[in-house]
Amino acid sequence: MNKSFLAKFSFASLIVVFLFNCAFLVKANDQQSKIDRLIPIKRLLNSPKISQVKLNPQGNYIAMAGYTSGRFNFSLVDMEQATFTEVINAKKGENIFLKTVQWIDDKHVLLETYNKNNYLKKHNKWLVSITNQQPLQHKLTRINSPGYVIDTLPNEPNKLLYSVYKGKGSAKQRIYKTDIDALIRNNFKNQEKFDEKLSQGYRYKTDHQHQIRFAATYDEDQSTVSHWYLDKKNDWQKYFEHDPSEVEFSPVGFLPNGKLAVITNADVEFVSLFEFDVEQVALGKVLYQHPRYDITGVEYNKNSAVLKSVSFIENGEWQTEYFAFKNEQINQLLQQTFEQQYRVVSSTPDDKVQIIKTFSASDSGKYYYFEQAKKRAKFIGNRDDFIDNYPLAEIESLSVSGKEGHVIEALLTKPPPQFDNNTLLVMPHGGPIGVRNVKNFNAESQYFSSRGYSVLQVNFRGSKGFGKGYKDSGRGQFGKVIEEDISTVVESVLQNRHFSNICAIGASYGGYSSVMLAIKHPDLYQCVIARFGVFDLPLIFNDRNTMMTGDVIEEIEKVVGENNKQLNQVSPVYFADKLKAPILITAGVKDTRASFEHSNRMKLVLEANKADVEHLYYPHSAHGHSKYLEVWHELAYIDDFIRRKLNLPLPKGNNAKHIKQNELELIADGFINDNIIGKLPEQAKLFNARAQALKKSNKTANLTEK
Amino acid sequence: MAVCLTAIFSCASTIKPIPAAKPIKPEQQKTTLASQAAPDNMTDNSVGKTYLLFAIDSDDLVKEVSISGWRSLSFEPEYNEQKISYVLAEIKPGDYEFSTIETGLLNNHLDDEIDWSFTIEQGKVNYVGHLEINQELLGGAYFSHSKIELVNKSSFAIEYLQAHHPALFTHNPLTYQGPGQDDFIGYYYFLLLNGASHE
C-alpha cells in the first residue's frame, strides 16, 4: 500500500452506462421543481426498492430483491441480454420480507424470507432454479429443510455443504455434503454425512479448500465464545476463548503461509488484523492496524487464500485500504468515478465482475455492475426511488477536543438551506456502549432535515470504532462523561453558528441522555423528546424476575455500573422537578429492553410535578416499532410536538401545506387505528380538525393566488 | 374484574376479592395525597388492613393461579376481555410465592431457579408485580409452551389504585413487595406529600 507511489499515477474515470432504459432519469423540469419539494414521510421511510443484488459465480446473472409499495419482489436479470425476469411478486398485505439471498451455483439461488403473517411458518426458504437460459425460464421450489449453507463447493458441481436442524437446539444438527435434489426433497438418506461434528458447535466454516475447518461454541454460564479448528487428524482444537462483550475475535481464513488471519483487539487497543498460529495457539504479527480506528471488515478471497483489503470508518465515512497495488488502482478508479463512499456487495470468485454499491449521507445507495476488464460500470438502479426527486441533507463531519484531551467525532446533518428553520436537534445515540453514528443515509435524520431541522449526533465516550479504551471509558458513565462529551460538541457548534432553538431527542440510551441534557442545561434546551428510554436506573436491575440472574446482572453492570444508591442520583425519575423543558415521551408497551415501566414512571412523576408532558404509548411496539405505520405516526407527531412547543410555523417548501395536512391526518388516524395506538378518539378529533382547517386555508390560498 | 380467591386447605378462610370501583377520570385525579380521599369501594375499616395487589397480563385464557406459602391459595379469574386484570384482595401477612399457573392448554409449574416469592407486610397494600403470560401455541399442548414473568410495573399499580381505590391509596400505604429492591413507590408518596415543585 505505497500511497506515494500510487499518487504518481492518474486514473481515468470509469465508463458508466445504464443497464435498462432511462425511464428512471429525472426530467429537467422536475429537477427544477424538486428544489422546493418536501419529501413525504411515507416515501422516505419505507422498504427499499432494491435491497439486495447478488452475482452468480459466472457473473452473467444477478439476483435482485426489493419492495414495491412495501410488497416483496425478487427477480433475475440476464446481464448480457439486459432482460429482467420476475420470480416472486408478493401480494398486497402478504407481509413477506427478505432475509438472505445466496447463489449456490450458476443456475440456483437460495432465498430466505420472513413472513410476518404466518404464525406457524414464519421463516421460509426458496430455491430458484434456472431451467432455460434463452429465453430465461425458472422454477421456484420451497425448501423444507431448516438450516443453512456452509459452503457452496464451487469445485463440485451440484453439491453443497448444508447444516440441517432437526428440532430445537444444535444437538439435533446434522451436516451433509448433499446434492440439490436431496435438499429439495428434504431427504438426506443417501448423502455424505459429516461425522466430525463438534459438540454444541455452531457457525461452521470451511477453509480455502472448502473443507470444514472452523466452528464455535458458546458457554452460557461464562458468557464466553470458544473458537475451534479441525486439525489434520480430524480432532477439534480450541484456539481462542473470549467474552464477546469485552474482546472481539473472528477468524478470516488461512493464509498461504499456513497461519490464520484473525480480526481481534485481544491485548491491543484497536481492533486489528493479525496472523494467528493455531498450532502454537498464539497471536502472531500484525497484518494491519490503524492508529486511530478499529477495523470494521476484511476482504478475503477464499479461492486464492489472499487478503485483499481492510476497512474502517474515518470521520464517519467508510474507508478501504488495499494490500495489492492492482486492487488499489481499481479503488482509485472507482473513487474518481463515483466521488462517494462505495462497497463491493457481491463479486465473482475471480473478482473480475463485481456489484458496487455507492452511497453517501444524502444518497441511500446506487447499484452498479462493474466489469474490471472493460472498465465499465452499468447502473442497475437506486436503492430507493425517491433519491432523485427531492432535496436531501448533507452531513458535515466534526472533530472536537474533549475536556480530557480526547478527540470527539460528531456529525451535523444540515437541512437543505431553503428549508432551514434554525432549530438544532441534539440526538444522542443508543447503547451507549459499542454503538456509533456514521456518515450514511439516515432516513430519520433526513426526515427532520427535510422539515428544516439541523441534527447533531455525537460519538461520545463509549462509542464503537475508536479503540477499546474509548469504548470502556463510557461504561458506568450514565449522566456523566457521556453528556459532558455531547455538551462539549454542542458548545463548539454554537461557537460557529447561532440557532434560535435547541431540543434534545433520542431513543433508548438517547432518550435517557436527552432528558439528562435538558436537566443539566435548562437554559439551553427548549424541548425534549425521549423515545423508548430508561429513566430509573436501579429498575434496570429489578424490572423482571427472569432477568435477575447473576450473569445478566453482571452484563448490565458492565454498561450501567454497579447497582447502588448512587444510581438514583443519575436517574431522572428522582429529580424530574429539575426538568423545565416540555417533554414528549414515546414508548413501546411490549418493550422489555428499556422496560415500558421506565417511561410510565417518568410520565407519572412529571405529571405529579405538573410539568408540560405528552406521551405516546404504542401497544404493538417493543424496543422500537415493527411497522412503518407506527414509525410514520411517531415521527409526524414529534415534528408537530416541536412546532407546537417552539411556536414554529409550517415547514418551508412548495408542498408544505399539503404535507402538513397529510401528516396531521396520519396522526389522527393513529389515535383511532388499533394497529397503531387506537382508542383515543378525542385526540384524533383534535388533529383531524387541524388538518381540515389547513385544508380550508390551502383552498383559500389557491383562490387568492388565482 | 371479579376474582375468586379461595384457600386450598379447609382450615384456611376464604379471602374476599375487592372489586374495582368505577375509575376516576385522569383529569379528576389529584396529584396531592391530601386530596385523594375520594369515595370508593373501601370502607372506613380498611385502614390498617393488609392487601395483596398484582395483575395478570395475558392475551390467553388463564384458568388458575396458585400461590404457596404459610397458607396456600388459588384463584380462578373469570373470563375477561381486558388484557390486563388487577387482583386486589385482603390477605394475611407472611411469606408467599407464585407456584403454578394454569392456562387453557398447560399447567405451568414455575421455574424454581427464578424468584417468585413475596412478603406481605401488615397494614399495607402489597403490590408484587404483573404476571406476564405469553403462550406459544405450536401444534397442540406437546409443542406449546408459556413464557411467564413477574414484572415490576409499580407505576401502573399506582395509577390503578389512584383511579379505582383512591381512599385505599391514601390510607393504606402501597408498597412494592415483589422480587428485587425498588424505592419508586415510596418516592412517589414523598413527591405527593411534599407537593409539586412546579406549582
Side-chain angles (χ1 to χ4, degrees), chain A residues 119-122 167-168 535-550 552-553 563-565 567-568 571 573-580 582 585 587 589-592 595-613 615 617 619-620 679 682, chain B residues 26-27 29-33 57 59 83-84 97-98 110-111 113-118 128-132 134 136-139 143 145 147-159 162 176 178-199:
Chain A
Y119 185 76
L120 289 174
K121 201 152 176 56
K122 281 187 174 166
K168 285 183 180 174
F535 308 106
D536 184 347
L537 302 189
L539 179 68
I540 298 173
F541 294 87
N542 289 318
D543 76 334
R544 51 192 60 233
N545 66 340
T546 50
M547 302 299 277
M548 291 180 195
T549 57
V552 175
I553 287 170
N563 182 16
N564 55 34
K565 287 278 174 195
L567 278 188
N568 282 13
S571 297
V573 155
Y574 299 106
F575 43 87
D577 57 307
K578 291 190 167 54
L579 180 68
K580 306 299 178 194
I585 297 170
V589 170
K590 293 180 176 173
D591 195 346
T592 55
S595 174
F596 178 37
E597 171 71 5
H598 284 276
S599 291
N600 203 52
R601 283 188 181 191
M602 196 67 209
K603 185 208 79 168
L604 200 63
V605 294
L606 287 166
E607 284 175 348
N609 282 323
K610 298 211 165 23
D612 186 349
V613 54
H615 69 279
Y617 291 165
H620 309 290
K679 299 181 179 59
E682 290 302 316
Chain B
E27 59 270 24
Q29 287 180 26
K30 304 291 195 242
T31 52
T32 59
L33 263 186
D57 183 348
D59 288 325
K83 180 175 155 56
I84 301 170
E97 66 176 357
F98 290 105
L110 300 176
D111 188 344
E113 291 181 10
I114 293 168
D115 187 2
W116 299 97
S117 67
F118 53 88
V128 300
H130 277 51
L131 273 172
E132 288 188 356
N134 290 298
E136 277 198 25
L137 299 172
L138 296 168
F143 294 104
H145 76 279
K147 186 179 180 190
I148 302 172
E149 295 178 290
L150 191 56
V151 183
N152 180 353
K153 291 190 169 177
S154 294
S155 67
F156 294 93
I158 290 171
E159 289 181 329
Q162 284 182 321
Y176 176 69
Q181 174 73 30
D182 183 22
D183 302 329
F184 176 72
I185 294 174
Y187 173 75
Y188 188 71
Y189 273 112
F190 168 81
L191 203 63
L192 298 183
L193 280 167
N194 288 280
S197 62
H198 282 247
E199 283 179 316

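Worth knowing before you read on, the calculation uses all heavy atoms, side chains too, and leaves out hydrogens, waters and symmetry mates. A, B, ... follow the sequence lines: proteins, then strands. Residue 1 opens every chain.
Minimum interatomic distance between B:Tyr187 and A:Phe575 (heavy atoms only, all atoms of both residues): OH-N, 4.1 Å.
Among A:His598, A:Arg601, A:Glu597, the one residue that satisfies the side chain to side chain donor-acceptor pair (under 3.5 Å) test with B:Ser155 is A:Glu597.
Looking only at atom types and distance, the side chain of B:Gln181 has no donor-acceptor partner in the side chain of A:Asn563 under 3.5 Å away.
When side chains are defined from C-beta on, B:Tyr176 does not count as touching A:Asn542, because their heavy atoms never get closer than 4.5 Å. Between B:Asp183 and A:Lys565 there is a side-chain heavy-atom pair separated by less than 4.5 Å. Annotation: side chain of A:Thr549 is not in contact with side chain of B:Glu113 (no heavy-atom distance under 4.5 Å). For the pair B:Asp115/A:Met548, no side-chain contact is recorded, criterion being any heavy-atom separation below 4.5 Å from C-beta on.
Salt-bridge check for A:Lys590 with B:Glu132: failed, with every basic side-chain N at 4.0 Å or more from each acidic carboxylate O.
Annotation: maximal heavy-atom pairing with chain B below 4.5 Å, among A:Asp536, A:Thr546, A:Asn600, occurs at A:Asn600. Top candidate by heavy-atom pairs under 4.5 Å with chain A, chosen from B:Ile148, B:Asp182, B:Asn152, is B:Asn152.
Using cut-offs of 30° and 60° on the angle between ring planes, the pair B:Phe184 and A:Tyr574 is perpendicular.
In this structure, the portions of A:Leu604 lying under 4.5 Å from any heavy atom of chain B include both its backbone and its side chain.
The CG atom of A:Asp543 sits 8.5 Å away from atom CD of B:Glu149, with the distance rounded to the nearest 0.5 Å.
A:Asn545 places a side-chain N or O within donor-acceptor distance of the main-chain N or O of B:Leu150, the cut-off being under 3.5 Å.
Environment of CZ in B:Phe190: sparse, with no more than 12 heavy atoms of neighbouring residues, nucleotides or ligands closer than 6.0 Å.
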